[in-house]
Amino acid sequence: MTDTESKIFSKVIDTNWEFKELQSAGKWAEACKKAAEYHAHVAELKELMGESEYDLFIEMGRKMFA
């Protein structure tokens with residue numbers, strides 16, 4: 001993973017966490033905005049990595065933390 005991809009992945013992780021926190025707090029409007037931000041970061045990462053590489057990366061992470 002390149003430095004640029006790593007930075008974007010950090011944004012993906014952070015926005016996902018923020019989304020869950022907002023959702024848990026019942027702040028639905030803010031959570032929707034954060035979800036849109038999350039999806040934008042994921043799309044950017046997929047564009048840089050390629051969708052199949054992104055999918056493989058995510059699957060490997062799931063297996064590692066399962």
Side-chain angles (χ1 to χ4, degrees):
M1 178 175 272
T2 68
D3 187 50
T4 301
E5 292 167 347
S6 180
K7 288 177 183 176
I8 296 169
F9 185 66
S10 290
K11 291 177 184 179
V12 168
I13 297 298
D14 291 344
T15 55
N16 185 49
W17 182 82
E18 291 167 358
F19 165 76
K20 289 179 181 181
E21 290 294 308
L22 290 167
Q23 190 179 30
S24 293
K27 297 179 179 180
W28 302 109
E30 292 174 48
C32 285
K33 289 178 185 176
K34 195 56 69 174
E37 186 179 330
Y38 165 82
H39 288 292
H41 292 312
V42 169
E44 183 179 10
L45 190 55
K46 282 183 179 182
E47 186 176 319
L48 284 173
M49 294 180 81
E51 191 155 350
S52 62
E53 285 297 316
Y54 172 83
D55 291 342
L56 179 61
F57 174 73
I58 296 300
E59 185 60 31
M60 298 277 292
R62 286 184 180 139
K63 286 179 181 178
M64 188 166 69
F65 292 107

Report, one line per pair, each donor and acceptor closer than 3.5 Å where one atom sits in a side chain of residues 39-66; sequence neighbours left out.
none

My understanding is that only residues two or more places apart in sequence, or in another chain, count here; which of them pass side chain to side chain contact (heavy atoms under 4.5 Å, CB included) with Lys27?
Leu22, Ala25, Glu30
Looking only at non-hydrogen atoms, find the nearest pair between Lys34 and Phe19 and report the distance.
CG-N, 3.6 Å
Determine all donor-acceptor pairs shorter than 3.5 Å in which one atom belongs to a side chain in residues 10-17; sequence neighbours excluded.
{"unit_1": "Ser10", "atom_1": "OG", "unit_2": "Ser6", "atom_2": "O", "d": "3.2"}
{"unit_1": "Thr15", "atom_1": "OG1", "unit_2": "Lys11", "atom_2": "O", "d": "2.8"}
{"unit_1": "Thr15", "atom_1": "OG1", "unit_2": "Val12", "atom_2": "O", "d": "3.2"}

